[in-house]
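Notes follow the structure.
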There are 2 protein chains.
Amino acid sequence: MDSLEDTDARLRESAEKLALALSQSGMQKTTARVMTALLFSQRQTMTAGDLCDALKISSGAVSGAVNQLIPTGMIERVPAPGSRRDHYRFREHAWATLMGNQNALLAGMCAAAAEGIEIAGPESIAGHRLDEMQDFYGFMQHEMAALIETWRQRREARPGTTSA
Amino acid sequence: MDSLEDTDARLRESAEKLALALSQSGMQKTTARVMTALLFSQRQTMTAGDLCDALKISSGAVSGAVNQLIPTGMIERVPAPGSRRDHYRFREHAWATLMGNQNALLAGMCAAAAEGIEIAGPESIAGHRLDEMQDFYGFMQHEMAALIETWRQRREARPGTTSA
DNA sequence: GCCCACTTTCAGATATCTTTGAATATTCCG
DNA sequence: CGGAATATTCAAAGATATCTGAAAGTGGGC
C-alpha cells in the first residue's frame, strides 16, 4: 500500500488533470484548479493559504477564484472557529447545483430562438430552423430540471452522507 | 411590416447577440458567429465567401471556424451543383447532436471521480465527495441520452420538417 | 479602540489565444 | 493536362484574458 504522502501527490495529480479538462470546457483555469483542489482534498476544508500553497498561486488569484466559485454554489465559506482565516469547502450536491444553473442557459437559448422567429416569421427558412431549436431547448429546460430533482430524491433515499 | 432588408439586419443582430452569449460559454467567438450566421440565415446554405462578407472576417477565419463546426455535427458541407464553391448548411437536429456530444464530457467526469476514489479509497473524506460526483454523473450520462432520444422521437412524430 | 492577521483590489506584466494576409494546396472544368 | 477559382495553412501581429505583487481594506480579539 502507498504511503499517505504518495496518495496525496497522486490525488493532486488527478485533481490537476480534471482541472485541465474543465478549463478546456470554458471554466477559468485557476478557478478550476481551486475547485478540484477542494474536491480531491482529504480534508474537510482548506484555507486560502492552503490553496496558495498547494497550487503555487498568489493570494489574489485564490481570492478571485473563490469569489467566482461561491456564487455558483460549488463551494462555500465555512465559519472558522477560533481563527480569522476563511475556510472553504466543496459543497454537498455541488454538481447538481451546477447543472441546475445551466437551466438559465437553456432558457436563454429558447429566448434567442423565439426572438429570431419573431423577426423572421415562423414560416420562413430561418423560422423553421429556429422552431426546432426552440422546441429542443424548451423540452430540455423542462426535463433537465425534473431529472435533477429525481436524482436528488434518489440520493436522499440512500444511506449516503446526509451532511457530515 | 418591415422591409426585407430591415428584417435581414435585425436577424443578423439577433444572431450576433446569441453568438456573444455562446462565446461567453466557452465557444470560440468566430466559430460562434459563423454558426449563428448560418442558423439565422434566410437562405438554405451559405458559401465561405458569403460568410466572409456577412461577418467581415478573413477567409482563413471562416475556414478555421467551419472546420471546427463540422466535426461536432452542427453544420455540414453540401455539394454545390455547378459551382466549385463549398456551401455550408446548419444541420437538422444539430442541437440534439451537440447535447449528445456532451455525453463524452459526462463520461469523463465519471471517470475522473472513479480515478480519485481508486486513489483515495471509498471511505476516505475525498472518497465520499467523489462518490457523490460519480453517482451524479453516472445518472446524468444515462438519463441524458434517454432524454435526447425521447425528444427525437417526439419530434419525428410531429408534422415537422422531415428534411427539406 | 487599537492592532494584527487575513482578504480584497488593482495596475502592470505576462501568457494565451485569435485573426489576418499571403503563400500553398486542391479540385473542377474545358 | 493546364488553368483558374477556391480552400487551407501558417507565421507574425494584435487583442484578450489572467496572474502577480503590493497597497488598501476588514474585522475579530484583547
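In what follows, chains carry the letters A, B, and so on, assigned in the order in which the sequence lines appear, proteins first and then strands, with residues in each chain numbered from 1.
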Produce the list of close N/O pairs, under 3.5 Å, pairing protein atoms with atoms of nucleotides 24-27 of chain D; give distances to one decimal.
| residue | atom | partner | partner atom | Å |
| --- | --- | --- | --- | --- |
| D:dG27 | N2 | A:Arg84 | NH1 | 3.3 |

Check your understanding: Would you call B:Asp8 and B:Arg43 a salt bridge, taking side-chain N to carboxylate O under 4.0 Å as the test?
Key -> no

Review point. Taking only side-chain nitrogens and oxygens of B:Arg85, does any of them come within less than 4.0 Å of OP1 or OP2 of D:dA4?
Key: no

Check your understanding: Is a salt bridge present between B:Asp50 and B:Arg85, judged by a nitrogen-to-oxygen distance below 4.0 Å?
Key -> no

Review point. Would you call B:Arg129 and A:Glu92 a salt bridge, using N to O less than 4.0 angstrom?
Key: no

**Study point:** CD (B:Glu118) with more than 12 external heavy atoms under 6.0 Å
**Key:** no

Check your understanding: Quick one: is D:dA17 close enough that its OP1 or OP2 comes under 4.0 Å of any side-chain N or O from A:Gln28?
Key -> no

Exercise for review: Measure the distance from CG on A:Asn67 to C1' on C:dC6 and round it to the nearest whole Å.
Suggested key: 14 Å

Review point. Within this structure, what is the CG-to-P distance between A:Asp50 and C:dA5, rounded to whole angstrom?
Key: 17 Å

Review point. To the nearest Å, how far apart are A:Ile70 CD1 and C:dT7 P?
Key: 11 Å

Exercise for review: Between C:dT20, C:dT8, D:dT8, spot the one nearest the side chain of B:Ser63, thanks.
Suggested key: D:dT8

**Study point:** A:Lys29 NZ - D:dT18 P separation (whole Å)
**Key:** 11 Å

Revision key, fill the gap. B:Tyr88 has its side chain closest, among D:dG21, D:dT8, C:dT8, to D:dT8

Practice item. Please confirm whether B:Trp151 and A:Tyr137 have ring centers closer than 6.0 angstrom. Key: no

Point to revise | Residues A:His87 and A:Gln44: side-chain donor-acceptor under 3.5 angstrom | key: no

Study note, to complete from the structure: Ranking C:dT8, C:dG21, D:dA7 by distance to the side chain of A:Ser59, first place goes to C:dT8

Point to revise | Gap between atoms CD1 and C1', on A:Ile57 and D:dG21 respectively (whole Å) | key: 14 Å

Check your understanding: Touch check for B:Ala48, heavy atoms < 4.0 angstrom, all strands: base, sugar-phosphate only, or nothing?
Key -> sugar-phosphate

